[in-house]
Amino acid sequence: MSLGGRIVRRSIGIVFSDGGLLALTSTLPAGGREHGDEEVTAVLCDPDGAPLTFEEALLSTEYGEDGVQRRATLELWPDTDEMRPLRGAGTLISAVCVRRQGIDSEIAFFRWSVEGREGLGTYEVGREVDE
């Protein structure tokens, strides 16, 4: 399976060792052409379940020669002025590629650290397929 198509969706789900959760999704809207056009949303839930949303979420990815995401960094800017941005990074454990509904999805399992909180999760990158 070729991983050469335009990226139209990226999503991350992390479960932290303390029971907290982080979810991030980005989509390329209709008419969008490049990375900067993505609409990105993220939410963090602490173990007590209180959600924290972000005004801005930045996701940077390093890809291997095979097109698989190898490393990623996050910068999450909270909706409140009382908190500084949260930063984190993840590294590849293993990955699998699946094709569904005209999208090649590279689903990678990552080891994450966000502000010192360790966790495991997935990082999926969906690319358009010319069928």
Side-chain angles (χ1 to χ4, degrees):
M1 220 177 283
S2 168
L3 293 177
R6 178 174 65 130
I7 294 174
V8 294
R9 181 183 65 237
R10 301 188 294 164
S11 62
I12 291 173
I14 304 170
V15 177
F16 294 105
S17 59
D18 65 6
L21 305 170
L22 176 77
L24 178 145
T25 186
S26 75
T27 56
L28 192 61
R33 287 295 194 210
E34 54 192 45
H35 177 71
D37 297 330
E38 286 178 311
E39 296 172 353
V40 184
T41 303
V43 64
L44 173 69
C45 291
D46 283 326
D48 66 4
L52 174 64
T53 58
F54 298 93
E55 180 179 324
E56 185 174 18
L58 304 173
L59 171 60
S60 179
T61 307
E62 178 184 321
Y63 297 92
E65 290 181 17
D66 57 0
V68 175
Q69 54 276 29
R70 300 279 183 220
R71 292 182 190 82
T73 57
L74 300 170
E75 190 170 307
L76 307 170
W77 294 78
D79 285 340
T80 175
D81 291 334
E82 298 153 12
M83 287 182 65
R84 62 181 180 76
L86 303 178
R87 292 180 173 83
T91 57
L92 177 68
I93 298 170
S94 66
V96 62
C97 188
V98 296
R99 179 171 287 176
R100 59 180 183 240
Q101 300 174 346
I103 302 286
D104 275 347
S105 289
E106 190 68 39
I107 303 167
F109 299 91
F110 265 54
R111 184 169 286 111
W112 291 94
S113 179
V114 178
E115 295 293 326
R117 294 170 77 180
E118 302 296 318
L120 296 173
T122 59
Y123 178 5
E124 181 178 357
V125 175
R127 292 178 171 86
E128 284 181 327
V129 176
D130 296 326
E131 299 199 65

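Bear in mind that the values here come from a model prediction, so they are computed numbers and not experimental data.
- Closest heavy-atom contact between Arg117 and Gly20: NH2-CA, 3.5 Å.
- Ring orientation note: the planes of Tyr123 and Trp112 are tilted relative to one another, at an angle of 30° to 60°.
- Taking hydrophobic clusters as Ile, Leu, Val, Met, Phe, Trp and Tyr residues chained together by side-chain heavy-atom distances below 4.5 Å, Leu58 does not share a cluster with Leu28.
- With values rounded to the nearest 0.5 angstrom, Arg10 atom CZ is found 10.0 Å from Arg127 atom CZ.
- Taking CG from Leu44 and CZ from Phe54, the interatomic distance works out to 5.0 Å, rounded to the nearest 0.5 Å.
- Note that CZ of Phe110 is 9.0 Å distant from CD1 of Ile93, once rounded to the nearest 0.5 Å.
- In this structure a side-chain-to-backbone donor-acceptor pair under 3.5 Å is present from Glu115 to Arg87.
- Under a hydrophobic clustering in which Ile, Leu, Val, Met, Phe, Trp and Tyr are joined whenever their side-chain heavy atoms come within less than 4.5 Å, directly or via other members, Leu21 and Met83 fall into different clusters.
- Ser105 places no side-chain N or O within donor-acceptor distance of the main-chain N or O of Ile107, the cut-off being under 3.5 Å.
- Remark: Glu128 engages Arg6 in a salt bridge, criterion side-chain N to carboxylate O under 4.0 Å.
- Between Ile14 and Leu74 the shortest heavy-atom distance is CD1-CD1, 4.4 Å.
- To the nearest 0.5 Å, the span separating CZ on Arg111 from CD on Glu118 amounts to 9.0 Å.
- A pairwise comparison of heavy atoms in Thr61 and Tyr63 identifies CG2-CZ, 3.4 Å as the closest pair.
- Gln69 places a side-chain N or O within 3.5 Å of a backbone atom of Glu106 that can act as its donor or acceptor partner.
- Atoms CG and CZ, on Asp104 and Arg99 in that order, are 4.0 Å from each other to the nearest 0.5 Å.
- Transitive grouping of hydrophobic side chains (ILVMFWY, heavy atoms separated by less than 4.5 Å) keeps Val43 and Ile12 in distinct clusters.
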From CA spacing to verdict: side chain to side chain contact (heavy atoms under 4.5 Å, CB included), Phe16, Leu22: CA-CA 8 Å; Phe16 294 105; Leu22 176 77; 3.8 Å; yes

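- Transitive grouping of hydrophobic side chains (ILVMFWY, heavy atoms separated by less than 4.5 Å) keeps Trp77 and Leu59 in distinct clusters.
- Heavy-atom minimum distance, Ala57 versus Leu76: CB-CD2, 3.7 Å.
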